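Heads up, the thing below is written out as structure tokens.
Computed from heavy atoms alone, side chains included, the values below leave out hydrogens, waters and symmetry copies. As the structure lists them, so they are numbered: ligands from 1, and atoms in each ligand from 1. The shown structure was predicted, so the numbers you read here are calculated from the model rather than taken from an experiment. Sequence positions, counted from 1, serve as the residue numbers for this chain.
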Amino acid sequence: MRGKRELLARVCSRAGLTRLLETMPQRRALIVLNYHRVGNADDTPFDSGVFSASAEQFESQMAYLKSRFHVATLEEVFAMMGGDAPRGTSVLVTFDDGYLDNYTLAFPILRKHGVQAVFFLPTAFIGTGKLPWWDMIAYIIKQSVKESIHLEYPESAIFDLRSDGARRVSMQVLRLFTNPAVKDAERFISELEKECEVLRPKGVAERCFLDWDEARDMQKNGMAFGSHTHSHEILTKLSPELQREEVRCSREILERELNRRVDILAYPVGLKHCFSADTVSALEQTGYRAAFSFYGGSNRPGEIQPFDIRRYGVADQSYARFRLQTAWEAVTGTRWF
Ligand SMILES: [Zn+2]
């Protein structure tokens, strides 16, 4: 499917259709783009699936956004929530998870192009050598020499490492892990270790995430921050009390470290089943004003759902595809397919 989309984007670009789309009137809308890591996905022993763009791709995407859209700041998004929006389509750039490459690679590019991005940080990982579950799971699978992996929890499932390769199997296993039936994360990861005959990495040689000095440097230079919970648990897997504790504690740490009000959050994973009415009331009770989801779509000013601001991800795509996707969304308000 990805190959087909890339091909179609190239055809549209060559035939001048993307150019034509760019001359059509844009809807008054807010597109929120979401990135995770920037850099080379082939070089990591961890999850390659969280790489959104290489540094070169990211640079050309920021230059494109600046040339065609109103690139919004967080303050402007708050104004749009009240219905006050500029003409045409505005784009907000966001990052989840707070990887170190956000500082070393993305931040200089954002500054160069005068783009403010919003970084959503899982506070338990910032300034630590901890590894999150997706990187741990991908690491165990990438190190395994088994031909296939047979998991029993939460349901019986077989993954074919020999024919599908570690990268694809990692994606399949990660999808299974986010299934609401997985209530016991530790059990899932221990069974995976046993089945792959690989132990999770004990200590990481390199720090993967931002530290607070880096976050403060980014803030000083115009970047904005929000919470991505404390420990990046999928909130709907937690009791209402634990959900409240996750978002309260994360907000408290962010405000203490950044010395600024922080009242926005991006739901971990962000699909529809990853937040609920309990999650929204936890956010309201702990003083948040908005939260961002991650299942696609754009937002109409004045109709923005404050606890379900729609975002879609940028995932390792060519310039032609990025251009077509954003231009199409700006004109039609739908995914181009
Ligand atoms: Zn995340």
- Within the 2.8 Å cut-off the protein N, O or S neighbours of the Zn ion (ligand 1) are D97 OD1, H228 NE2, H232 NE2
- Message: Whether the Q61 and Y35 side chains hold a donor-acceptor pair (N or O, under 3.5 Å, no angle test) is what I'd like checked.
- Response: yes
- Taking only residues at least two apart or on different chains, which pairs with a member in residues 78-93 satisfy side-chain hydrogen bond (donor to acceptor under 3.5 Å, both in side chains)? none
- Would you check if the side chain of N34 reaches a backbone N or O of Y312 as a donor-acceptor pair within less than 3.5 Å? no
- Distance-only polar pair, side chains of S163 and D160, donor-acceptor under 3.5 Å: yes
Acceptor/donor pairs from residues 12-19 side chains to any protein atom, 3.5 angstrom cut, sequence neighbours excluded:
{"from": "R19", "atom 1": "NH1", "to": "E22", "atom 2": "OE1", "distance (Å)": "2.8"}

Show which side-chain atoms of residues 289-298 pair as donor or acceptor with protein atoms under 3.5 Å away, not counting sequence neighbours.
{"from": "S293", "atom 1": "OG", "to": "D308", "atom 2": "OD1", "distance (Å)": "2.6"}
{"from": "S293", "atom 1": "OG", "to": "I309", "atom 2": "O", "distance (Å)": "3.3"}
{"from": "Y295", "atom 1": "OH", "to": "D308", "atom 2": "OD1", "distance (Å)": "3.2"}
{"from": "Y295", "atom 1": "OH", "to": "D308", "atom 2": "OD2", "distance (Å)": "2.6"}
{"from": "Y295", "atom 1": "OH", "to": "R310", "atom 2": "NE", "distance (Å)": "2.8"}
{"from": "S298", "atom 1": "OG", "to": "E329", "atom 2": "OE2", "distance (Å)": "3.0"}

